[in-house]
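All values reported here derive from a predicted model rather than from experimental measurement. First listed ligand is number 1; within each ligand, the first listed atom is number 1. One-based numbering along the sequence shown.
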Amino acid sequence: MSFLHTQESYSMNLTTVKEATTIILNNSVNFGIEEVDFINSVGRVLKEDIVADRDFPPFNRVSMDGIAIAEEAFNKGIRSFKIEGIQAAGSPQLTLKNTNNCIEAMTGAMLPINSDVVIQYELLEIKDGFATVNLDTVKSFQNIHKKGLDRKQNDVLIPKNTLISAAEIGVFATVGKSKVKVAKQPKVIIVSTGNELVEVSETPAEYQIRRSNVYTLVSLLENLQIKADTAHILDDKKTLETKIASFLNEYDVLLFSGAVSKGKFDFIPEVLDNLDVEKLFHKVKQRPGKPFWFGKKTVVERSRSAKTVFAFPGNPVSTFVSCLKYFYPWYNKSIGLNFENKQEAVLSEDFYFKPNLTYFLQVKLQQENGKLIATPIAGKGSGDLTNLVDSDAFLELPDDNSNFTKGQVFPLLTFR
Ligand SMILES: Nc1nc2c(c(=O)[nH]1)N[C@H]1C(S)=C(S)[C@@H](COP(=O)(O)OP(=O)(O)OC[C@H]3O[C@@H](n4cnc5c(N)ncnc54)[C@H](O)[C@@H]3O)O[C@H]1N2
Ligand code: MOO
Ligand SMILES: [Mg+2]
């Protein structure tokens, strides 16, 4: 019997990208809710409905500087109105005592009682205490933003599970929400492994390189407002076991980079198994990132939920794309954001990729006639991290085809 596997039979054992995604999304974790100052909530997910504390606008609001009159007086033929007073923004509401007269009224002010039309200064002549207009008609409530026109008191202005942007901050402020409930962030640690890795500030020996993946991951998580801790562990099984055991106690999520493939020092799957972390899959039908390992440890004690482990392959592009493809949606689902990546782009040239794997093709993006065009960026494989600098995104080419043609549209994972 031959022990050589063909490409076909080998890729049969792999979890497909679709299956991997489903498993990951089915294992999202609720991290609970916390309250933060509204001004620090951009990028977080809202966990309460924000309701209108009053009507919007809260009163009939003048929207042009001018005079407030009674429409009835105008319709009677009056064109010259005696000025009774001035209604400023920020002052209590005045009353038009004689409805044949007018009150000067400023933008943002309450509309005076007994008036229902505002005529702007540009259409008036003011002389000797009278405002004179030369108009044939006026419309009821012209230049008045009516009370409750935008929203009514107790209307839901922002539903829960909304991703907070500057637009929401203005609404929190206007309804007086100085604190808001948001999805709590998981405690995350990003761990690199490998004897070949040295710190950024160090000068590597000939056989070493600097530790870069951890910092890429830190930045990718900062995009999600997650502040992750980091650690490095040498390729020693005992040390790995001790340290990872303590990380499993302390953190909700562990992200690894490296040591998940077939090497003599790729200890991560074995160590995780020894620590009772359940493997949900290992090896995905994709390139880069094939040796990706994903699992969880269910915690029974108290109210604590499962610990989730993403062990990304060590090659820098593998780690990068796997974080975008798997960690991002898992996290969005966990915090209750119903976010589906619907971004797509058009392939700018024919592309050939033989293996039976989903291929995450590095591309440069460009807008053309309202369409996003993706041009392949040739690289030297998943170890070539310098190449990412020339790219904007990955185009996801499905595993059931090898010939991809110019003009075809594919899903996109952007990072800029
Ligand atoms: N016999 C086989 N060998 C390999 C296979 C395979 O299927 N059979 N798969 C290859 C693929 S694909 C990948 S991807 C890598 C994955 O390797 P590991 O996850 O085991 O990662 P390491 O062996 O630790 O390192 C791989 C590579 O990446 C560099 N690395 C690791 N961590 C970092 C970091 N934090 N910053 C920068 N660079 C890092 C490391 O130095 C290695 O060069 O396995 C293939 N082999
Ligand atoms: O999956 Mo590996 O990432 O091809 O190099
Ligand atoms: Mg390895």
Could you establish whether Pro291 and ligand 2 come within less than 4.0 Å of each other, counting only heavy atoms on the residue side? yes
Does any N or O of ligand 1 fall below 3.5 Å from an N or O anywhere on Ser382, backbone included? no
Any Pro291 heavy atom less than 4.0 Å from ligand 1: yes
Enumerate the atoms of ligand 1 whose separation from the nearest heavy atom of Val260 is less than 4.0 angstrom. 18 (P), 19 (O), 20 (O)
Distance-only side-chain donor-acceptor flag, Ser165 / Glu168, under 3.5 Å: yes
State the atoms of ligand 1, each with its element, that fall below the 4.0 Å cut-off from a heavy-atom position in Ser318. 14 (S)
Atoms of ligand 1, numbered as shown, that sit under 4.0 Å from any heavy atom of Asp266: 20 (O), 23 (O)
Under 3.5 Å, N or O to N or O, is Gln286 touching ligand 2 that way? no
Which of the atoms in ligand 1, numbered in the order shown and given with their element, are less than 4.0 Å from a heavy-atom of Ser192? 35 (N)
Regarding Gln343 and Thr414, do their side chains bring together a donor and an acceptor under 3.5 Å, going by distance alone? yes
Counting heavy atoms under 4.0 Å, the part of Leu385 that contacts ligand 1 is neither
Is the closest heavy atom of Pro288 to ligand 1 under 4.0 Å? no
Using a strict cut-off of 4.0 Å, indicate which atoms of ligand 2 neighbour a heavy atom of Lys290. 1 (O)
Any idea which atoms of ligand 2 are less than 4.0 Å away from a heavy-atom of Pro288? 1 (O), 3 (O), 4 (O)
Any N or O on Gly289 sitting closer than 3.5 Å to an N or O of ligand 2? yes
Which of the numbered atoms in ligand 2 are under 4.0 angstrom from any heavy atom belonging to Asn315? 5 (O)
For Asp384 and Thr386, which I'm curious about, is there any donor-acceptor pair between the side chains at under 3.5 Å? yes
Could you check whether atom CG of Asn134 has more than 12 heavy atoms from other residues, nucleotides or ligands sitting under 6.0 Å from it? no
Does an N or O from Gly314, backbone or side chain, lie closer than 3.5 Å to an N or O of ligand 1? yes
Would you check the N or O atoms of Asn213, main chain and side chain alike, for any that come under 3.5 Å of an N or O of ligand 1? yes
Quick one: look at Ile209 and ligand 1, take heavy-atom pairs under 4.0 Å, and tell me if it's side chain, backbone, both or neither. side chain
Under a 3.5 Å cutoff, is there a donor and acceptor pairing between the side chains of Ser318 and Asn315? no
How far is atom 5 (O) of ligand 2 from its nearest protein heavy atom, and which residue and atom name does that atom have? Ser382 OG, 2.1 Å
Check the orientation of Phe327 and Phe310. Use parallel for under 30°, tilted for 30 to 60°, and perpendicular for over 60°. perpendicular
Indicate, with yes or no, if the rings of Phe410 and Phe404 have centres closer together than 6.0 Å. yes
Salt bridge present between Lys179 and Glu48 (N-O < 4.0 angstrom): no
Using distance alone, with no hydrogens and no angle criterion, decide if Thr107 and Asp65 have a side-chain donor and acceptor under 3.5 Å apart. yes
Quick one: does Ala259 get an N or O within less than 3.5 Å of an N or O on ligand 1? yes
Closest to atom 3 (N) of ligand 1 among Ser261, Pro313, Pro269, Ser322 (heavy-atom distance): Ser261
Please check if the distance between the ring centroids of Tyr326 and Phe292 is under 6.0 Å. yes
Heavy-atom gap Gly383 to ligand 1 smaller than 4.0 Å: no
